[in-house]
Amino acid sequence: MARCPSVMVHGLIHGSELPPLLEAASVVVCGPGMGQGAWAQQMLEQVVESSKPRVLDADALNLLSTRVALPAENQVLTPHPGEAARLLGCLVPEVEADRMAAARTLQSVYGGTVLLKGAGTVIASDRETVDIVSGSNPGMATGGMGDVLAGIIGALYGQLDNARRAAALAASVHLAAANLASEEKGFMGLIPTDVIDALPKVLRQSEALSSQGREEP
């Protein structure tokens, strides 16, 4: 895509330029497309030091795995099994062997909310029980799908002011939008923009169902 007028950007050369932008944010999504070099490390450092509510995904998680863990209650970590294995210092098969235990362990180390992606997304917080968003869509095994999910979590976190609820709702909406996009396209292969395009319809359907529920005696 050569031009996308709806995208607002602000180029940064050094991490010291980030704090004024963070001041204006309610929630920060950090990681997708960031890389793991010195620039990325500066950006993550500023995000962590800001104490802003945050969603850490992709390269932010890879950078976290090389740092001393600093638990924070206002953060959401969104690892796939490979990233979870790096954070835990184990192998992917160990994560997949007991996904709930892996999510709980990550939450105990990093605090906040952990959303372990995969078929049957697991969401662990400081509650005794975990949330599971059942179901999967093979068409979602495409680069960038996790970035879309991180963005949805960030948007909902800013509105709900509850990390666990935002993560659980985002995972459900994300999967529903992927399923709708698959149905409309007539095949399983998806790209991230397919899911983004389907989101408004899914959200309208969710709101309609919620309204019906409120009307019941």
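Just so it is clear, the values below take in all heavy atoms, side chains as well, and ignore hydrogens, waters and symmetry mates.
- Crowding of D161 atom CG: a count of heavy atoms from other residues, nucleotides or ligands under 6.0 Å not exceeding 12.
- Annotation for S182 and N137: closest pair OG-ND2, 3.1 Å, computed over non-hydrogen atoms.
- Hydrophobic clustering, with ILVMFWY side chains joined whenever heavy atoms are under 4.5 angstrom apart, groups M145 together with L203.
- Between R165 atom CZ and S125 atom OG the span is 12.5 Å, to the nearest 0.5 Å.
- Within the 4.5 Å cutoff, no side-chain heavy atoms of L18 are placed close to those of Q42.
- In this structure, OG in S136 is found 8.5 Å from CG in N179, a value given to the nearest 0.5 Å.
- For the pair Q41 and L63, the minimum side-chain heavy-atom distance is below 4.5 Å.
- With contacts defined as side-chain heavy-atom distances shorter than 4.5 Å, the pair R127/Q107 does not qualify.
- Linking Ile, Leu, Val, Met, Phe, Trp and Tyr whenever their side-chain heavy atoms come within less than 4.5 Å puts M43 and L56 in one cluster.
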Test side chain to side chain contact (heavy atoms under 4.5 Å, CB included) on D57 and I153; report intermediate values, then the result.
CA-CA 11 Å; D57 184 41; I153 295 171; over 6 Å; no
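- Ionic pairing of R104 and D98 is not present here: no N-O contact between side-chain nitrogen and carboxylate oxygen is shorter than 4.0 angstrom.
- The backbone N or O of L190 sits less than 3.5 Å from a side-chain atom of T142, completing a donor-acceptor pair.
- The backbone N or O of H14 lies less than 3.5 Å from a partner atom in the side chain of E17, making a donor-acceptor pair.
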Please assess H174 against V195 for the test side chain to side chain contact (heavy atoms under 4.5 Å, CB included), listing each intermediate value before the final yes or no.
CA-CA 7 Å; H174 186 242; V195 175; 4.0 Å; yes
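- Linking Ile, Leu, Val, Met, Phe, Trp and Tyr residues whenever their side-chain heavy atoms come within less than 4.5 Å leaves Y157 and Y110 in two separate clusters.
- The shortest heavy-atom contact between V95 and P81 is CG2-O, 4.1 Å.
- Hydrophobic clustering (ILVMFWY, side-chain heavy atoms < 4.5 Å, transitive): V28 and V148 are in distinct clusters.
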Begin from the C-alpha positions of L12 and L21 and carry the test side chain to side chain contact (heavy atoms under 4.5 Å, CB included) through to its verdict.
CA-CA 10 Å; L12 298 173; L21 299 177; 3.9 Å; yes
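- M34 and V29 fall into different hydrophobic clusters, where Ile, Leu, Val, Met, Phe, Trp and Tyr are joined by side-chain heavy atoms under 4.5 Å apart, directly or via other members.
- Of the possible donor and acceptor atoms, one in the side chain of K117 sits under 3.5 Å from a partner among the backbone N and O of T78.
- For the residue pair H80 / E83, a side-chain donor-acceptor distance below 3.5 Å is found, with atom types taken as modelled.
- With rounding to the nearest 0.5 angstrom, the NZ atom of K185 is 12.0 Å from the CG atom of L180.
- From L87, atom CG reaches atom OG1 of T66 across 10.0 Å, with rounding to the nearest 0.5 Å.
- The side-chain contact (heavy atoms from CB on, under 4.5 Å) test with R54 is passed by exactly one of N74, L77, V27: N74.
- P192 is not listed as a side-chain neighbour of D147, based on a closest heavy-atom distance of 4.5 Å or more.
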Check against side chain to side chain contact (heavy atoms under 4.5 Å, CB included), E184 and D197
CA-CA 11 Å; E184 293 181 343; D197 291 342; over 6 Å; no
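- Between L106 and A84 the shortest heavy-atom distance is CD1-CB, 3.9 Å.
- Each of L116, L115, I132 was scored for a side-chain contact (heavy atoms from CB on, under 4.5 Å) with I123, with one residue passing: L115.
- Considering every non-hydrogen atom in both Q75 and L70, the closest pair reads NE2-O, 4.2 Å.
- Of all non-hydrogen atoms in L91 and A85, the two that sit nearest each other are C-CB, 3.8 Å.
- Nearest approach of V92 to G82, heavy atoms of both residues: CG2-CA, 3.8 Å.
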